[in-house]
Trainee: 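I'd like to ask some things about the structure below.
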Amino acid sequence: SIESIESIESIESIESIESIETKFYLINDEEISIHIEGELDSSDFLILDEENIESIIIGTHVTSIAINTIDVMANLKSVYISNNVTYIGTYSICYNPILTTLVIGNSVKVIHDYAFKGNDLLKTITFNKGTKIIFSEECFYKENNLLMTVDVYYSDEDYKSGFLDNYINYPVNYIKF
């Protein structure tokens with residue numbers, strides 16, 4: 001249910017909520033599942049009113065997220081990227097005014113320039129255990145709320161504290177799991 005998704009501030013493994021289908025949870029508590037394979041692109045969910053999307057679980061058949069796919073969604077609070085996504089494109093999940101939770105699957109290899117830029121209310125970023133990511137320029141930059149601390153959950157086996165410092169422009173509280 002949507003309540004259980006909203007209550008997840010951070011999780012050690014996305015497997016507990018991972019789905020074959022890409023799921024969109026709407027503000028009216030409706031759940032829409034769409035079968036998407038390969039690259040996720042905004043044209044994959046044109047049937048939905050983006051203003052009504054509250055949470056997205058990217059399905060296990062998705063391997064990459066295209067430029068400007070999940071952007072400027074007024075009610076989007078959380079995005080969960082499956083363990084099969086390997087590439088997150090430029091500006092792919094950006095300028096979502098109330099996005100607070102981002103969970104990144106362990107197969108992501110590249111996060112491109114400005115991929116998560118302008119998600120100014122982001123509170124938690126979770127990197128699943130086993131991630132080895134190449135970060136690109138300003139991939140986590142905010143435009144406002146630059147003093148708001150973001151909790152970054154990570155495995156000490158994968159990263160050391162401070163690993164995002166060159167790609168982020170706000171204070172981070174690094175939390176090992």
Side-chain angles (χ1 to χ4, degrees), residues 5 8 10-25 32-46 48 50 53 55-73 76-96 99-119 122 124-141 150-168 172 174-177:
I5 288 174
I8 299 172
S10 70
I11 58 173
E12 186 170 332
S13 173
I14 196 169
E15 291 160 7
S16 61
I17 59 168
E18 201 164 69
S19 168
I20 291 172
E21 307 297 333
T22 295
K23 294 185 179 183
F24 299 87
Y25 295 87
I32 307 288
S33 294
I34 301 175
H35 184 76
I36 300 168
E37 292 191 22
E39 184 170 70
L40 176 66
D41 183 283
S42 58
S43 65
D44 292 324
F45 50 93
L46 286 175
L48 301 176
E50 290 185 358
I53 298 172
S55 183
I56 300 172
I57 298 175
I58 296 174
T60 57
H61 287 280
V62 174
T63 56
S64 63
I65 305 171
I67 187 172
N68 298 105
T69 298
I70 301 171
D71 62 339
V72 196
M73 293 186 179
L76 185 66
K77 295 179 182 174
S78 57
V79 175
Y80 302 89
I81 300 170
S82 80
N83 284 331
N84 292 350
V85 172
T86 59
Y87 178 85
I88 300 173
T90 303
Y91 293 109
S92 59
I93 302 173
C94 63
Y95 298 106
N96 297 292
L99 181 68
T100 58
T101 303
L102 176 62
V103 178
I104 299 173
N106 63 14
S107 292
V108 173
K109 303 293 180 228
V110 175
I111 297 177
H112 219 284
D113 299 346
Y114 318 111
F116 303 108
K117 189 169 186 173
N119 295 312
L122 198 58
T124 63
I125 304 168
T126 301
F127 292 89
N128 278 345
K129 190 173 185 176
T131 58
K132 301 287 186 193
I133 299 172
I134 297 170
F135 299 99
S136 297
E137 183 179 342
E138 299 182 5
C139 55
F140 286 98
Y141 271 41
V150 174
D151 290 336
V152 172
Y153 294 85
Y154 70 100
S155 165
D156 195 35
E157 296 169 24
D158 302 320
Y159 297 107
K160 300 298 176 217
S161 185
F163 70 97
L164 278 182
D165 289 352
N166 293 330
Y167 310 100
I168 211 158
V172 172
Y174 290 97
I175 303 166
K176 296 180 208 174
F177 60 75

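Values below: every heavy atom of this structure, side chains too, minus hydrogens, waters and symmetry copies. These figures come from a predicted structure and were not determined experimentally.
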Trainee: When the ring centroid of Phe140 is compared with that of Phe116, is the distance short of 6.0 Å?
Mentor: yes

Trainee: Answer yes or no: are there more than 12 heavy-atom neighbours, outside Ile20 itself, under 6.0 Å from its atom CD1?
Mentor: no

Trainee: Taking C-beta and beyond as the side chain, do Ile88 and Ile81 meet within less than 4.5 Å on heavy atoms?
Mentor: yes

Trainee: Give the C-alpha distance, both sets of side-chain angles, the deciding distance and a yes or no for side-chain contact (heavy atoms from CB on, under 4.5 Å) between Ile65 and Ile58.
Mentor: CA-CA 9 Å; Ile65 305 171; Ile58 296 174; 3.5 Å; yes

Trainee: Taking the inter-plane angle between the rings of Phe127 and Phe135 on a 0 to 90° scale, is it parallel (under 30°), tilted (30 to 60°) or perpendicular (over 60°)?
Mentor: perpendicular

Trainee: Check whether the side chains of Asn96 and Asp71 place a donor and an acceptor atom closer than 3.5 Å, and report yes or no.
Mentor: no

Trainee: So how far is it from Met73 CE to Ser55 OG, rounded to the nearest 0.5 Å?
Mentor: 11.0 Å

Trainee: Taking side chain to side chain contact (heavy atoms under 4.5 Å, CB included) as the test, write out the residues that go with Ser64, two or more places apart.
Mentor: Glu39, Tyr87

Trainee: Does the side-chain contact (heavy atoms from CB on, under 4.5 Å) test come out yes or no for Lys117 and Tyr91, once each step is laid out?
Mentor: CA-CA 7 Å; Lys117 189 169 186 173; Tyr91 293 109; 4.3 Å; yes

Trainee: Rounded to the nearest 0.5 Å, how far does CD1 of Ile53 lie from OG of Ser78?
Mentor: 11.5 Å

Trainee: So which heavy atom on Gly89 is nearest to which on Ala115, and how close?
Mentor: O-CB, 3.5 Å

Trainee: Are side-chain N/O atoms of Asn84 and Ser82 paired as donor and acceptor at under 3.5 Å?
Mentor: no

Trainee: Under the criterion side-chain contact (heavy atoms from CB on, under 4.5 Å), I'd like the reasoning laid out for Ile56 against Ile70: C-alpha separation, chi angles, the key distance, then a yes or no.
Mentor: CA-CA 9 Å; Ile56 300 172; Ile70 301 171; 3.9 Å; yes

Trainee: Drop me the distance from Thr60's OG1 to Asn83's CG, to the nearest 0.5 angstrom.
Mentor: 9.5 Å

Trainee: How many angstroms lie between atom OG of Ser136 and atom CG of Asp113, to the nearest 0.5 angstrom?
Mentor: 5.0 Å

Trainee: Looking at side-chain heavy atoms only, is the closest gap between Thr86 and Val110 below 4.5 Å?
Mentor: no

Trainee: Atom CG in Leu164, atom SG in Cys139: separation rounded to 0.5 Å?
Mentor: 7.0 Å

Trainee: Under the 3.5 angstrom rule, does the side chain of Asn119 hit a backbone N or O of Ile93 as a donor-acceptor pair?
Mentor: yes

Trainee: Output, in order, the C-alpha distance, side-chain angles, deciding distance and verdict of side-chain contact (heavy atoms from CB on, under 4.5 Å) for Phe24 and Ile57.
Mentor: CA-CA 7 Å; Phe24 299 87; Ile57 298 175; over 6 Å; no

Trainee: Could you state the interatomic distance from NZ (Lys23) to CD1 (Ile32), rounded to the nearest 0.5 Å?
Mentor: 11.5 Å

Trainee: Say whether Thr90 and His112, considering side chains only, have a donor N or O and an acceptor N or O under 3.5 Å apart.
Mentor: yes

Trainee: Is a donor on one side and an acceptor on the other found under 3.5 Å between the side chain of Thr100 and the backbone of Lys77?
Mentor: yes

Trainee: Which residues satisfy the salt bridge (Lys or Arg N to Asp or Glu O under 4.0 Å) test with Asp158, sequence neighbours excluded?
Mentor: Lys132

Trainee: Test of understanding: with side-chain hydrogen bond (donor to acceptor under 3.5 Å, both in side chains), list the residues that count as partners of Glu21, not counting sequence neighbours.
Mentor: His35

Trainee: Could you pull out the closest heavy-atom pair between Lys129 and Phe177, with the gap in Å?
Mentor: N-CZ, 3.9 Å

Trainee: Ile36: what forms a side chain to side chain contact (heavy atoms under 4.5 Å, CB included) with it, not counting sequence neighbours?
Mentor: Thr22, Ile34, Leu40, Asp44, Val62

Trainee: Could you work out, with side chain to side chain contact (heavy atoms under 4.5 Å, CB included) as the rule, every residue matching Tyr154, not counting sequence neighbours?
Mentor: Asp156, Tyr159, Ser161, Phe163, Tyr174, Lys176

Trainee: State which residues pass side chain to side chain contact (heavy atoms under 4.5 Å, CB included) with Thr63; sequence neighbours excluded, sorted by chain then number.
Mentor: none

Trainee: Assess the side chains of Tyr114 and Glu137: does a donor N or O sit below 3.5 Å from an acceptor N or O?
Mentor: yes

Trainee: Answer yes or no: is there a side-chain heavy-atom contact under 4.5 Å between Ile104 and Thr126?
Mentor: no

